Amino acid sequence: MTASLIDGKKIASEVKERLKAKISGLAADEIPGLAVILVGDDPASSVYVGQKEKTAREIGINSRVYRLPATTAQDDLLALIGNLNESPDVHGILVQLPLPGGLDRDAVITAIRPEKDVDGFHVVNVGKLWIGSDAVAPCTPKGIMALLDSTGVELKGKEAVVIGRSGIVGKPIAAMLLSRHCTVTICHSRTRNLPDVARRADIVVAAIGMPNFVTGDMIKPGAIVIDVGINRVDGRLVGDVEFESVSAAASWITPVPGGVGPMTIAMLMQNTFQLAGI
Ligand code: NAD
């Protein structure tokens, strides 16, 4: 079998076009507002924040970026979040992670009002996701679900194996697949016989951060494979999935780049729109 490509770039661009059309019909005081806080000068974080700012502008969301020095005190950061919590024209607040050492990530994320937590990382939203209540869902897993749905394959009853258990990808995508009635297994660095577990899966989500970790011999023929990994190898972006061998076995596969990455930003825009309550 040669897998069909799930074109995240195209699907993300359709999401953004739909949002742009909706926003263009709004009155000035209804425009969704997104506040992004970047602390320090991590180059990758700067690039991500720049992409978010540019996309927000393109589709008509009001975005404000607060670029703070790495030496920012925790109290000053919390005070800024407090102000944004109270600001009526800010509907979504995002603190770019990772934060520089010395800042308490959990305290910072918890300071964001859950109704403005556009990344879905606040403990209230994490809890809501797991109990299946309406929540702001984290952008990358939300994008993955949209990619899976784009295949038209029924998810109910499928065996899904998620490789990676981070709070931003592995755990939330497991919760979302579970709520769509998949039988979900989460693998991680201490999992025994991981290739055997992966071979059971109708759906594999790889979120590890190790280039070409998932190989064709770990894939059940016809499985759907979602590659979340972004790894830089010799100046090139490479996923966690060895594309050639895996696409020979899978039915559907996401490329890197052009798969999950563009969906993450599109879902951030969708979450901002959702939080504006329009
Ligand atoms: P993380 O480092 O927080 O978590 C990695 C997970 O992989 C851990 O849970 C760990 O248990 C697991 N792992 C590590 N070694 C393993 C092994 N040998 N076998 C099995 N599991 C192993 O990473 P993350 O934040 O979840 O990100 C994962 C990857 O996804 C990274 O490459 C990251 O850049 C990428 N990412 C992409 C997007 C996107 O928009 N495309 C968004 C977030 C993360």
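Predicted model only: the values in this text are computed from it and were never measured. In what follows, every heavy atom counts, from backbone to side chain, and hydrogens, waters and symmetry copies are set aside. As the structure lists them, so they are numbered: ligands from 1, and atoms in each ligand from 1.
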Practice problem: Say whether N271 and K142, considering side chains only, have a donor N or O and an acceptor N or O under 3.5 Å apart. | Solution: yes
Quiz prompt | Under 3.5 Å donor-acceptor, R105 side chain and P98 backbone | solution = no
Quiz item: So which pairs with a foot in residues 219-234 pass side chain to side chain donor-acceptor pair (under 3.5 Å), sequence neighbours left out?
Solution: D202-K220, N231-D240
Quiz item: If only atom types and distance count, is the side chain of D104 paired as donor or acceptor with the main-chain N or O of A107 below 3.5 Å?
Solution: yes
Note every protein N or O atom lying under 3.5 Å from an N or O atom of ligand 1, pairing the names and giving the distance.
unit_1	atom_1	unit_2	atom_2	d
ligand 1	9 (O)	R165	N	2.8
ligand 1	11 (O)	S189	N	3.2
ligand 1	21 (N)	S189	N	3.3
ligand 1	26 (O)	S166	OG	2.5
ligand 1	30 (O)	V228	O	3.4
ligand 1	32 (O)	I230	N	3.0
ligand 1	32 (O)	I230	O	3.4
ligand 1	40 (O)	T264	OG1	2.7

Quiz item: Can you tell me if E242 and S245 form a side-chain donor-acceptor pair at under 3.5 Å?
Solution: yes
Exercise. Verify the distance criterion only: is there a donor paired with an acceptor across the side chains of K52 and Q96 at less than 3.5 Å?
Key: yes
